[in-house]
Amino acid sequence: FETEEEMKKAIDVSDHIRLRENDLYVTQFIPRDKREKLRENSWTNIFVKNLPGDISLNDLNELFEPYGTIITSVASPIEVNGEMKSYGYVNFENHEDAVKAVNELNETTHMGNTIYCTRAEKKSERNKKKMKRSDEGMSFYGRNLYVKNLDYDFTE
């Protein structure tokens, strides 16, 4: 669009119309890097690990409800080294409540387990961080040499 006014008019006209039995949602395009920066300061979903294996959804909600309104939550049991543990997600209504819950509950003991809370990340975000860490660890890759058949009295 040539002007911002034209863009807003197009959004107003075409947003929420029905197209082939589907509702159409139209909004201004935001480049990926700007979307990622916005997401960093507006997340509401928390990942919680090392929960007891027998934790109920009610127990999970009771643990997090003092920090704000919970939209959704889920706990999934898994077996780790023959022991049942759980991980879960808690989605808050607003960002500030989620931040407060992470800050206050991370590395605390609940039902005998030290739980860990952090912002829930998409798989692509986790993979990007993993690649960055592996790139940093490879900074000396290819710079080391192995030399054999040196005399025992040979020094640096």
Side-chain angles (χ1 to χ4, degrees), residues 1-139 141:
F1 296 93
E2 291 184 18
T3 66
E4 188 171 335
E5 187 177 303
E6 289 177 350
M7 176 195 65
K8 287 181 180 180
K9 186 177 179 183
I11 290 172
D12 289 341
V13 170
S14 55
D15 193 27
H16 296 291
I17 63 171
R18 211 145 166 82
L19 182 67
R20 294 187 184 170
E21 299 178 16
N22 293 315
D23 287 331
L24 188 65
Y25 296 99
V26 181
T27 186
Q28 182 178 356
F29 174 75
I30 301 172
R32 179 180 292 163
D33 58 336
K34 289 184 181 178
R35 284 192 313 261
E36 288 173 354
K37 286 179 184 175
L38 287 172
R39 194 178 304 122
E40 288 174 9
N41 298 321
S42 63
W43 53 272
T44 57
N45 200 13
I46 297 174
F47 171 71
V48 188
K49 71 177 187 175
N50 205 35
L51 292 165
D54 60 348
I55 193 167
S56 69
L57 192 55
N58 192 38
D59 292 336
L60 184 64
N61 287 338
E62 284 179 9
L63 178 63
F64 283 91
E65 279 175 345
Y67 301 97
T69 304
I70 296 172
I71 304 295
T72 58
S73 60
V74 65
S76 299
I78 55 171
E79 187 175 331
V80 178
N81 298 328
E83 184 182 351
M84 289 305 292
K85 295 194 181 230
S86 288
Y87 67 92
Y89 293 91
V90 180
N91 191 9
F92 282 91
E93 187 173 43
N94 65 58
H95 172 68
E96 294 77 21
D97 295 341
V99 170
K100 186 176 180 184
V102 167
N103 290 338
E104 294 188 21
L105 288 176
N106 188 38
E107 296 184 3
T108 60
T109 302
H110 180 69
M111 295 172 66
N113 288 21
T114 301
I115 62 170
Y116 300 93
C117 306
T118 187
R119 176 177 78 92
E121 298 175 326
K122 292 182 177 184
K123 190 171 187 175
S124 61
E125 291 175 300
R126 292 192 312 269
N127 287 340
K128 192 181 291 185
K129 282 183 179 180
K130 200 181 291 185
M131 291 297 289
K132 188 174 182 181
R133 281 194 307 262
S134 69
D135 287 348
E136 289 169 358
M138 299 297 281
S139 61
Y141 182 75

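Given the structure is predicted, the values throughout are model-derived calculations rather than measurements.
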Separation between CG (Asp54) and NZ (Lys85), nearest 0.5 Å, reads 12.0 Å

Self-check item: More than 12 heavy atoms from other groups under 6.0 Å of CD on Glu5
Solution: no

Taken to the nearest 0.5 Å, the spacing of Thr69 OG1 from Asn94 CG works out to 7.5 Å

Close side-chain approach of Thr72 and Val74, heavy atoms under 4.5 Å
no

Here the pair of heavy atoms bringing Val102 nearest to Trp43 is CG2-CH2, 3.9 Å

Heavy-atom closest pair (Ser73 atom, Leu60 atom, distance to 0.1 Å) is CB-CD2, 4.2 Å

Tightest non-hydrogen contact, residues Ile78 and Tyr87, listed as CG2-CE2, 3.7 Å

Does NZ in Lys49 sit with more than 12 non-hydrogen atoms of other residues, nucleotides or ligands closer than 6.0 Å? no

Tyr67 vs Val90, side chain to side chain contact (heavy atoms under 4.5 Å, CB included): CA-CA, chis, key distance, verdict: CA-CA 11 Å; Tyr67 301 97; Val90 180; over 6 Å; no

Taking every heavy atom of Asp23 against every heavy atom of Arg18, the minimum-distance pair comes out as OD1-NH1, 3.0 Å

In this structure, CD of Glu96 is separated from OG of Ser42 (nearest 0.5 Å) by 10.0 Å

ask   = Ignoring hydrogens and geometry, is there a side-chain-to-backbone donor-acceptor pair from Ser86 to Pro52 under 3.5 Å?
value = yes

For Ala98 and Ile46 the tightest heavy-atom approach is O-CD1, 3.5 Å

Listing, residues 104-116 side-chain donor-acceptor contacts under 3.5 Å, not counting sequence neighbours, or none:
unit_1 : atom_1 : unit_2 : atom_2 : d
Asn106 : OD1    : Cys117 : N      : 2.9
Thr108 : OG1    : Leu105 : O      : 2.6
Asn113 : ND2    : Asn50  : O      : 3.2

The reported gap from OG1 in Thr27 to CE in Met7 (rounded to nearest 0.5 angstrom) is 8.0 Å

| query | Hey, are the side chains of Ile70 and Phe92 touching, using non-hydrogen atoms and a 4.5 Å cut-off? | reply | yes

Original post:
For Glu62, does the CD atom have more than 12 heavy-atom neighbours from other residues, nucleotides or ligands under 6.0 Å away?
Top reply: yes

- Output yes when Lys8 and Glu4 qualify as a salt bridge under the 4.0 Å nitrogen-oxygen rule, no when they do not. yes

